[in-house]
Engineer: 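For reference, the structure I am asking about is given below.
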Amino acid sequence: LTKHGASGSFAFLVRAADEQAAIIETLDADSHEIAFHSHRHHTYADLSYDDAHDAIATGMTAIENATGITPDGFFVPFLTVGEGAVTAIEEIGFEWMLGRPERDPAGVEVLDPVTPFDTRRLERHDPEEALTQLQAEAEAGDAPFLFHPPVVEYHDGLEAFEEWIETVRPVTVAGQLASGGTGVVLDCVRPVRIQ
């Protein structure tokens with residue numbers, strides 16, 4: 001991203017914020033945005049208000065204590081957000097949310113990523129074809145893109161992904177909301193592959 005004059009929003013599960021602190025601080029110092037992706041990979045569609053509030057507050061405290069950084073954006077795991085979680089998100093005070101809530105939370109910009117995103121496209125197409133499709137969609141729309149670097153790497157797509165970055169020159173989600181451009185969220189979940 002930096003090599004091509006681009007930036008991105010990096011979403012972290014923060015249950016291991018102490019272990020991830022150095023990389024989070026480096027990304028922040030390099031003008032990338034740090035986004036919250038939960039304390040654990042909760043399903044926010046069915047969480048009660050109390051459970052959702054506890055999950056978000058616990059995670060936000062963990063990342064703030066480890067890095068001093070307070071994320072402004074929330075990439076909701078699995079993208080679906082129930083009423084209890086919507087109320088918790090309103091109270092925590094995020095500026096933006098990547099997800100599909102039962103109702104729009106007051107004061108929070110709601111964004112839905114371009115779908116299908118990298119995971120499905122890379123299962124159905126070779127990396128060059130998949131990223132070419134996503135490049136065309138970047139030129140046509142204003143929704144942010146969601147990438148999972150371990151998935152891109154698993155499908156031998158890093159070269160095609162770098163070409164996408166060079167062509168599209170994505171920005172953080174906050175940058176997209178403020179000034180336009182193509183936002184990109186990079187899901188920094190540790191790679192897991194079950195075969």
Engineer: Any chance you could lay out the side chain to side chain contact (heavy atoms under 4.5 Å, CB included) test for Phe75 and Val173, step after step, and finish with the verdict?
Structural biologist: CA-CA 10 Å; Phe75 161 35; Val173 173; over 6 Å; no

Engineer: Restricting to non-hydrogen atoms, name the atom on Val152 and the atom on Asp118 that form the minimum distance, rounded to 0.1 Å.
Structural biologist: CG2-OD2, 3.7 Å

Engineer: Once you round to the nearest 0.5 Å, how far does NE2 of His155 lie from CD of Glu153?
Structural biologist: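 Between atom NE2 of His155 and atom CD of Glu153 there are 11.5 Å.
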
Engineer: Which heavy-atom pair separates Pro144 from Leu98 by the least distance, and what is that distance?
Structural biologist: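 Pro144 and Leu98 have their closest heavy atoms at CG-CD1, 3.7 Å.
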
Engineer: Transitively linked via ILVMFWY side-chain contacts under 4.5 Å: Val86 with Val76?
Structural biologist: yes

Engineer: Kindly indicate whether the side chain of Phe78, heavy atoms from C-beta on, has any atom under 4.5 Å from the side chain of His41.
Structural biologist: yes

Engineer: For residues Ala17 and Ala62, report the shortest heavy-atom separation together with the two atoms involved.
Structural biologist: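 The answer is CB-O, 3.6 Å.
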
Engineer: Is there a donor-acceptor pair under 3.5 Å between the side chain of Arg40 and the backbone N or O of Arg15?
Structural biologist: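 Here the side-chain-to-backbone pair does not exist.
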
Engineer: Is there a side chain to side chain contact (heavy atoms under 4.5 Å, CB included) between Ser7 and Val171? Walk through the geometry before answering.
Structural biologist: CA-CA 5 Å; Ser7 60; Val171 298; 4.1 Å; yes

Engineer: Determine yes or no for a side-chain-to-main-chain donor-acceptor pair under 3.5 angstrom, with Glu33 supplying the side chain and Ala174 the backbone.
Structural biologist: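 Yes.
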
Engineer: Going through the distances and angles, do Val81 and Val110 end up as a side chain to side chain contact (heavy atoms under 4.5 Å, CB included)?
Structural biologist: CA-CA 11 Å; Val81 188; Val110 176; over 6 Å; no

Engineer: Hydrophobic clusters here meaning ILVMFWY residues chained together by side-chain heavy-atom distances under 4.5 Å, can you tell me if Ile23 and Leu1 are in one?
Structural biologist: yes

Engineer: Do you reckon Phe12 sits in the same ILVMFWY cluster as Leu79, going by side-chain contacts under 4.5 Å, direct or chained?
Structural biologist: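 Different clusters: Phe12 never reaches Leu79 through Ile, Leu, Val, Met, Phe, Trp or Tyr contacts under 4.5 Å.
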
Engineer: Rounded to the nearest 0.5 Å, what separates atom OG in Ser9 from atom CG in Leu186?
Structural biologist: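 One gets 8.0 Å once the value is rounded to the nearest 0.5 Å.
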
Engineer: Is Val185 close to Pro113 at the side-chain level, that is, under 4.5 Å between some pair of heavy atoms?
Structural biologist: no

Engineer: Is Glu128 atom CD crowded by more than 12 heavy atoms from other residues, nucleotides or ligands, each under 6.0 Å away?
Structural biologist: no

Engineer: Does Thr70 form a side chain to side chain donor-acceptor pair (under 3.5 Å) with Glu64? I'd like the steps, not just the answer.
Structural biologist: CA-CA 6 Å; Thr70 302; Glu64 290 166 351; 3.0 Å; yes

Engineer: Specify the closest pair of heavy atoms between Ala52 and Leu47, including all atoms of both residues, with the distance to one decimal.
Structural biologist: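 Nearest heavy atoms, Ala52 then Leu47: CA-CD1, 3.9 Å.
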
Engineer: Could you tell me which residues satisfy side-chain contact (heavy atoms from CB on, under 4.5 Å) with Glu159, sequence neighbours excluded, listed by chain and number?
Structural biologist: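 Checked Glu159 against side-chain contact (heavy atoms from CB on, under 4.5 Å); matches are Glu163.
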
Engineer: What's the separation between atom CG in Leu27 and atom CZ in Phe10, rounded to the nearest 0.5 Å?
Structural biologist: 5.0 Å

Engineer: Ignoring hydrogens and geometry, is there a side-chain-to-backbone donor-acceptor pair from Asp30 to His32 under 3.5 Å?
Structural biologist: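 No.
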
Engineer: What is the minimum heavy-atom distance between Ile34 and Pro71, and which atoms define it?
Structural biologist: O-CB, 3.4 Å

Engineer: Do you know which two heavy atoms are closest between Pro170 and Ile165, and how far apart they sit?
Structural biologist: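 Looking at all heavy atoms of both residues, the shortest contact is CD-O, 3.7 Å.
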
Engineer: What is the distance from atom OG1 of Thr167 to atom CG of Leu134, rounded to the nearest 0.5 Å?
Structural biologist: 12.0 Å

Engineer: Can you list the residues that meet the side-chain contact (heavy atoms from CB on, under 4.5 Å) rule with Asp50, with sequence neighbours excluded?
Structural biologist: Ser48

Engineer: Which class fits the ring pair Tyr44 and His42: parallel under 30°, tilted 30 to 60°, perpendicular over 60°?
Structural biologist: perpendicular

Engineer: Can you hop from Leu146 to Leu177 via hydrophobic side chains spaced under 4.5 Å?
Structural biologist: yes

Engineer: What pairs with Thr119 under side-chain contact (heavy atoms from CB on, under 4.5 Å), at least two apart in sequence or on another chain?
Structural biologist: Phe117, His148, Val151

Engineer: With sequence neighbours left out, what residues match Phe36 under ring-ring contact (aromatic ring centres under 6.0 Å, His included)?
Structural biologist: Phe74, Phe94

Engineer: Mind checking the CD-CG spacing from Glu129 to Leu122? Nearest 0.5 Å is all I need.
Structural biologist: 10.5 Å

Engineer: State, yes or no, whether a side-chain contact exists between Trp164 and Val184 at a heavy-atom distance under 4.5 Å.
Structural biologist: yes

Engineer: Return the set of residues passing ring-ring contact (aromatic ring centres under 6.0 Å, His included) with His39 (not counting sequence neighbours), or none when no residue passes.
Structural biologist: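 If we apply the ring-ring contact (aromatic ring centres under 6.0 Å, His included) test to His39, skipping adjacent residues, there are no hits.
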
Engineer: Going by heavy atoms in the side chains, are Ile89 and Val108 under 4.5 Å from each other?
Structural biologist: yes

Engineer: CD1/Ile92 to OG1/Thr87 distance, rounded to the nearest 0.5 angstrom?
Structural biologist: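 Reported to 0.5 Å precision, the distance equals 11.5 Å.
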
Engineer: For Val168, does its backbone N or O pair with a side-chain atom of Thr182 as donor and acceptor, under 3.5 Å?
Structural biologist: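 Side chain of Thr182 to backbone of Val168: no pair is present.
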
Engineer: Count I, L, V, M, F, W, Y as connected when their side-chain heavy atoms are under 4.5 Å apart, and connections chain through other members. Are Phe147 and Ile24 then in the same cluster?
Structural biologist: yes

Engineer: Listing request: all salt bridge (Lys or Arg N to Asp or Glu O under 4.0 Å) pairs with a residue in residues 72-86, at least two apart in sequence or in separate chains.
Structural biologist: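 Salt bridge (Lys or Arg N to Asp or Glu O under 4.0 Å) check on residues 72-86 returns Glu83-Arg103.
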
Engineer: For Trp96 and Gln176: C-alpha separation, side-chain torsions, deciding distance, then whether side chain to side chain donor-acceptor pair (under 3.5 Å) applies.
Structural biologist: CA-CA 11 Å; Trp96 61 267; Gln176 176 184 350; over 6 Å; no

Engineer: Under a 3.5 Å distance rule, please check whether Arg121 uses its side chain to pair with a backbone N or O of Pro116 as donor and acceptor.
Structural biologist: yes

